[in-house]
Amino acid sequence: MPKLTIDGTAIEVEAGLTVLQACELAGAEIPRFCYHERLSIASNCRMCLVEMEKSPKPIASCAMPAADGMVIHTDTATVRKARKGVMEFLLINHPLDCPICDQGGECDLQDQAMAYGFDRSRFNENKRAVADKEFGPLIKTVMTRCIHCTRCIRFATEVAGVEELGAIGRGEHMEVVTYVDKMVTSELSGNIIDLCPVGALTSKPYAFAARPWELRETESIDVSDAVGCHIRIDARGREVMRVLPRLCEEINEEWISDKTRFAVDGLRRQRLDRPYLRKEGKLTPVGWPEALAAVGARLTGSAPQRIAAIAGDLADVEAMMALKDLMQALGSPHLDCRQDDAPFDPAARASWLFNTTIAGIEQADACLIIGSNPRWEAPIVNARLRKRFLRGGFKVAALGPKVDLTYGVEWLGASPGTLKDLADGQGFAEVLKAASHPMLILGAGAVARPDGAAVLGLAREIAERCGMVREGWNGFNLLHTAAARVGGLEIGFTPGAGGRDLQRILAAAGAGEMEVVYLLGADEIDMTRLGRAFVVYQGHHGDAGAHRADAILPGAAYTEKDATYVNMEGRPQQTRLAAYPPGEAREDWTIIRALSDAVGRRLPYDNLVQLRRRIHEAYPRLGRLRAIEPAAWQTFGAETAAVTGEPFRSPIENFYMTDPIGRASETMAACTERLLGRRGTGTHG
């Protein structure tokens with residue numbers, strides 16, 4: 001390990017680190033614009049210059065490997081003069097429009113100019129001007145501000161895997177452009193906004209909406225998919241202005257998807273802000289007492305066997321627990337959180353968890369993807385797969401729809417029959433057997449089929465016969481698309497003894513055997529199958545469930561409540577209240593608690609602390625936030641049933657509109673039209 005002396009302090013660092021990294025480990029702050037620890041080294045900006053003894057001139061610390069015996073000085077007169085010279089060159093052509101720049105207050109160039117800038121320029125030449133580029137509906141460009149750090153180009157090429165950005169020209173005529181004037185189509189494109197050290201790339205929907213010092217920052221969790229990315233919600237008053245990523249090495253590193261970042265304008269549109277009851281065929285606004293009394297009368301007036309509850313994809317654990325307790329108090333066993341009707345057994349945790357963990361992907365050396373498009377179903381997971389692929393020694397095969405996953409894939413077709421061959425040890429199974437850490441990723445859509453149990457059973461056989469499950473390693477992974485799914489399965493929000501699952505609930509409602517169906521944010525089911533049942537919809541948007549409802553109880557979105565979600569790894573995490581719900585909307589568990597009084601079945605908790613104590617006593621692992629408890633391996637799935645010939649396909653047809661928030665978002669509608677070339681609002685096939 002190299003030993004260096006930095007500013008008079010001896011330090012030993014790992015081999016392979018750069019001088020810049022060694023300086024930061026020693027506590028020295030090194031300014032930079034082009035360097036980023038997750039991107040390749042470009043050494044463009046030269047702002048990171050330091051002085052090294054026996055070197056005739058300052059060195060670029062980001063590109064110099066740390067070597068034994070180096071003596072580095074980071075704050076000498078020579079270093080300061082060199083950095084001020086670099087800053088002077090950077091500002092020659094910069095427009096200096098800080099007062100009206102939408103990056104103001106968050107600009108790296110602005111911050112570094114405070115330390116190394118000068119109050120005048122020695123250059124009299126006219127500043128250059130660069131035409132703005134059209135990057136699509138999400139990214140606003142002011143390319144005259146660009147300092148050619150190339151972070152955006154390196155991110156698009158290396159992390160996103162979409163080679164759509166590049167540089168043309170030389171010297172003063174260099175420009176960052178998209179190839180043949182196309183838009184940036186990556187599902188991770190918004191991250192180049194965070195990477196841009198100046199105001200050349202900013203958020204188009206957020207442009208000039210607020211200044212950073214006006215915003216209240218809240219650390220929270222994303223629920224647009226089942227990954228559970230760490231995010232920061234910036235709000236002004238009662239309005240969420242933007243969502244930014246938070247650092248979390250185990251899950252999302254420092255990236256988020258475009259849906260996570262830009263769908264927040266959907267929180268302001270089509271909101272349910274007061275209770276409604278259907279009177280004479282029309283939904284009519286009413287007060288809370290009347291709404292709760294009407295729903296309570298329906299529940300108490302129906303036999304327990306004629307009442308059912310379905311939890312949606314955005315439901316939090318607290319709300320599902322309260323609804324489960326209420327259904328048990330009423331005596332009804334008919335409840336389900338599996339809107340896609342996947343045949344998961346709550347007792348077999350290993351069958352519905354991402355057991356390898358997201359960070360564990362980097363240990364794998366072979367991967368089989370079954371019936372999934374991770375680029376749309378979980379872009380952050382797909383980015384991690386690409387990261388592992390670029391390191392080398394990682395073979396990937398896919399069985400399902402042929403799509404561009406941004407890394408090399410051996411396509412095995414789309415027929416489920418191939419699973420049987422793999423389970424028998426043929427084809428790519430030989431690669432999996434030879435790997436030291438093989439894994440498979442089973443898509444949620446691959447089991448949400450009539451033969452889903454058989455598919456699940458064959459995937460288990462492949463995992464067992466290819467050595468994916470052993471002490472210290474579990475390569476079997478289920479890729480969920482719904483944030484609520486794992487939490488619902490953890491607390492057993494599934495049919496009780498003699499209870500009906502989703503399909504049988506819908507069949508009973510259509511046949512007139514189910515009198516009341518309670519939808520907890522459930523919008524992804526076929527509403528036409530509910531027949532003449534009295535439908536109670538509790539949610540935050542006027543989506544499919546609200547249109548069918550006979551009673552609407554307005555709830556809170558994920559940005560408006562303190563709630564628990566469990567990501568696909570089985571990691572409990574909590575959202576934080578960043579803005580209050582609109583109008584008379586309330587947090588979901590409080591609505592159910594109030595409803596329990598109306599039906600004369602008072603639930604035994606009056607505040608969030610008591611409810612969480614109830615959850616943690618019944619399900620202790622949910623009380624260990626951010627911790628993962630490995631699942632015991634056991635037999636699951638159908639062992640004798642045969643798969644059908646229907647090809648695998650992804651459950652997501654429109655990446656930008658997978659939930660009520662996305663469907664209400666004008667930004668996501670623009671992405672659907674301009675990037676996907678259609679006006680559709682449906683998401684699940």
Side-chain angles (χ1 to χ4, degrees), residues 6-7 17-24 26-37 39-66 70-98 101 103-130 142-155 167 169-176 192 194-201:
I6 299 174
D7 292 338
L17 293 187
T18 64
V19 171
L20 185 150
Q21 292 170 314
C23 289
E24 294 203 327
E29 183 178 349
I30 307 296
R32 84 291 298 270
F33 292 116
C34 68
Y35 175 79
H36 192 279
E37 47 275 2
L39 304 176
S40 62
I41 295 171
S43 190
N44 290 336
C45 71
R46 321 304 285 184
M47 196 66 199
C48 64
L49 293 173
V50 297
E51 195 172 2
M52 182 176 70
E53 290 189 5
K54 300 181 181 180
S55 174
K57 58 183 179 180
I59 63 169
S61 60
C62 70
M64 177 67 72
M70 279 184 172
V71 180
I72 304 295
H73 302 283
T74 68
D75 194 25
T76 64
T78 299
V79 169
R80 289 193 295 272
K81 181 179 179 181
R83 291 176 182 171
K84 287 182 178 180
V86 170
M87 178 61 68
E88 188 173 8
F89 276 118
L90 286 175
L91 297 180
I92 289 174
N93 284 311
H94 199 74
L96 305 180
D97 54 355
C98 298
C101 177
Q103 188 83 346
E106 301 174 307
C107 177
D108 293 346
L109 183 64
Q110 197 175 54
D111 294 340
Q112 297 297 341
M114 290 292 293
Y116 300 104
F118 193 48
D119 63 353
R120 68 189 69 92
S121 174
R122 292 178 289 177
F123 296 88
N124 296 318
E125 289 82 5
N126 292 329
K127 291 180 181 288
R128 70 167 191 162
V130 180
V142 184
M143 301 312 292
T144 301
R145 299 172 185 162
C146 179
I147 63 171
H148 304 158
C149 70
T150 69
R151 279 184 177 181
C152 56
I153 297 173
R154 284 175 284 150
F155 174 84
R170 293 170 61 89
E172 191 177 65
H173 301 289
M174 175 180 169
E175 295 184 28
V176 174
I192 65 177
D194 301 328
L195 290 172
C196 184
V198 295
L201 305 175

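The analysis underlying the following values was restricted to heavy atoms, covering all of them including side chains, and did not include hydrogens, waters or symmetry mates. The residues of the chain are indexed from 1 along the displayed sequence.
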| query | So do the side chains of M87 and Q112 get within less than 4.5 Å of each other, counting heavy atoms only? | reply | yes

| said: Please check: side-chain N/O of R154 versus main-chain N/O of C149, any donor-acceptor pairing under 3.5 Å? | reply: yes

| query | To the nearest 0.5 Å, how far apart are NE2 in H148 and OG1 in T150? | reply | 10.0 Å

| When rounded to the nearest 0.5 angstrom, what distance separates CG in L20 from CD in E29? | 10.5 Å

| field | Check: M47 and L109 side chains under 4.5 Å, non-hydrogen atoms | value | no

| Shortest non-hydrogen contact between N126 and N93, atoms and distance | O-OD1, 4.1 Å

| said: So if I apply the side-chain contact (heavy atoms from CB on, under 4.5 Å) rule between E51 and each of I72, T78, V71, which one comes out positive? | reply: T78

| Within a reach of under 6.0 Å around CG of D119, are more than 12 heavy atoms found that belong to other residues, nucleotides or ligands? | yes

| Closest heavy-atom pair and its distance - L201, C152 | CD1-CB, 3.8 Å

| P65 backbone acceptor or donor facing T18 side chain under 3.5 Å | no

| query | Between R151 and F33, what is the shortest heavy-atom contact and its length? | reply | NE-O, 2.8 Å

| From M70 atom CE to I6 atom CD1, the distance as rounded to the nearest 0.5 Å | 9.5 Å

| said: Measuring from atom CD of Q103 to atom SG of C98, what distance do you get when rounded to the nearest 0.5 angstrom? | reply: 10.5 Å

| R145 side chain reached by H94 side chain, heavy atoms, under 4.5 Å | yes

| Smallest separation among heavy atoms of C48 and C62, with atom names | SG-N, 3.4 Å

| task | With the side chain counted from C-beta on, respond yes when V79 and L49 share a heavy-atom pair under 4.5 Å apart, and no when they do not. | result | no

| remark: Rounded to the nearest 0.5 Å, the OG1 atom of T74 sits from the CD1 atom of I30 at a distance of 5.0 Å

| So do L96 and K127 actually touch side chain to side chain, heavy atoms under 4.5 Å? | yes

| request: Over all heavy atoms of both residues, which pair between G105 and Q110 is shortest? Give the atoms and the distance, please. | output: N-OE1, 3.1 Å

| said: Return the CG to OG1 distance between D97 and T144, rounded to the nearest 0.5 Å. | reply: 8.5 Å

| message | Could you check whether any side-chain heavy atom of H73 comes within less than 4.5 Å of a side-chain heavy atom of E53, counting everything from C-beta outward? | response | yes

| Looking at side-chain heavy atoms only, is the closest gap between N44 and I147 below 4.5 Å? | no

| request: Work out which heavy atom in A167 is nearest to a heavy atom in I153; give both atom names and the distance. | output: N-CD1, 3.8 Å

| task | Tell me, yes or no, whether the heavy-atom count around F118 atom CZ, taken from other residues, nucleotides or ligands under 6.0 Å, exceeds 12. | result | yes

| remark: Result for side-chain hydrogen bond (donor to acceptor under 3.5 Å, both in side chains) between Y116 and one of R80, R83, E88 points to R83

